[in-house]
Student: 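Sending over a structure as structure tokens; questions will come in a sec.
So that the names make sense, note that chain A is the first sequence line, chain B the second, and so on, each numbered from 1. Nothing here was measured: the structure is a model prediction, and the numbers come from that model. Computed from heavy atoms alone, side chains included, the values below leave out hydrogens, waters and symmetry copies.
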Amino acid sequence: MGARLSRAFFASPVLEVAPDLLGCVLTSGSVAVRITEVEAYQGLDDPASHAFRGPTPRTEVMFGPPGFLYVYFTYGMHWCANLVCGPDGTASAVLLRAGEVIGGADVARERRPACKADRDLARGPARLASALGLTGVDSGLDLCAPGSPLTVRSGSTVDTALVRNGPRVGIRVATERPWRFWLDGEPTVSTFRPGALRKRGDSE
DNA sequence: AGGACGATTAACT
DNA sequence: GTTAATCGTCCTC
């Protein structure tokens with residue numbers, strides 16, 4: 001397997017790091033996931049970013065140095081994992097949207113009992129976080145520290161011609177920014193779901 | 001103190 | 001194709 005990704009790797013501008021993360025491998029215990037789909041969130045310049053309105057206890061880690069893990073809770077039941085990227089203080093991060101489980105599938109299946117096909121073990125951001133066993137207690141982890149329970153390594157070489165990009169999923173603002181990146185032809189890439197499902201206090 | 005809503009998923013028809 | 005589930009976070013009193 002490849003080398004551990006360095007702090008310097010994560011410190012490049014988030015729009016450069018995001019596509020470069022495709023094909024890299026996340027490892028947590030025995031579970032290993034090859035990244036096939038990500039989204040970039042560009043901190044204070046991006047209305048769709050959790051960091052857009054400034055730091056809060058939840059988003060504090062995004063405002064620190066790159067190479068740290070940001071995990072948030074959503075829809076009352078799901079955790080989603082991000083890698084803080086870009087120069088220190090830019091509050092940018094890459095959402096891990098989908099991946100292929102390439103190791104420890106038995107453990108991943110135990111964590112995702114509702115999952116039928118193996119290709120769905122880490123297909124979708126909350127599924128990916130679940131397969132890796134990531135929750136809020138893991139937010140703030142230094143991914144570059146020796147002994148980190150979650151590591152990110154370069155994978156086998158990715159054909160850059162397979163990298164695609166387009167609109168981000170599930171957001172209601174800044175939908176025109178094509179900051180979702182994925183590997184064409186990968187069965188683990190989540191299906192595109194445009195814009196927001198507005199169901200509750202529907203104001204239109 | 002109260003309320004709206006979400007970087008979603010699973011289970012339906 | 002549709003929709004319920006479920007609660008932390010943040011904004012507005």
Student: Just checking, is any N or O donor in the side chain of A:Thr59 or A:Thr56 under 3.5 Å from an acceptor N or O on the other one?
Tutor: yes
Student: Separation of A:Arg172 atom CZ from B:dA7 atom P, in whole Å?
Tutor: 10 Å
Student: For DNA chain B, list all stems, counting runs of three or more consecutive pairs where every pair is Watson-Crick or G-U wobble with both distances under 3.5 Å.
Tutor: B:1-6 with C:7-12, B:8-12 with C:1-5
Student: With a 3.5 Å cut-off and just heavy-atom distances, do the side chain of A:Tyr75 and the base of C:dA5 make a donor-acceptor pair?
Tutor: no
Student: Do we see a donor-acceptor contact under 3.5 Å between the side chains of A:Ser49 and A:Gln42?
Tutor: no
Student: With a cut-off of under 6.0 Å to the ring centre and 45° to the axis, is A:Arg168 in cation-pi contact with A:Tyr41?
Tutor: yes
Student: Report all interatomic pairs (protein N or O, nucleotide N or O of nucleotides 10-12 of chain B) with separations under 3.5 Å.
Tutor:
residue: B:dA10; atom: OP1; partner: A:Arg112; partner atom: NH2; Å: 2.2
residue: B:dA10; atom: OP2; partner: A:Arg127; partner atom: NE; Å: 2.6
residue: B:dA10; atom: OP2; partner: A:Arg127; partner atom: NH2; Å: 2.5

Student: Please state how far atom CH2 in A:Trp79 lies from atom C1' in B:dT9, giving the value in whole angstrom units.
Tutor: 16 Å
Student: Would you find a donor on one side and an acceptor on the other, under 3.5 Å apart, between the side chain of A:Ser190 and the backbone of A:Gly124?
Tutor: no
Student: Could you tell me the separation between the CE atom of A:Met77 and the C1' atom of C:dC7, rounded to a whole number of Å?
Tutor: 8 Å
Student: Between B:dG6 atom P and A:Arg58 atom CZ, what is the distance in whole Å?
Tutor: 12 Å
Student: Roughly, in whole Å, what's the span from CZ in A:Arg53 to P in B:dC5?
Tutor: 13 Å
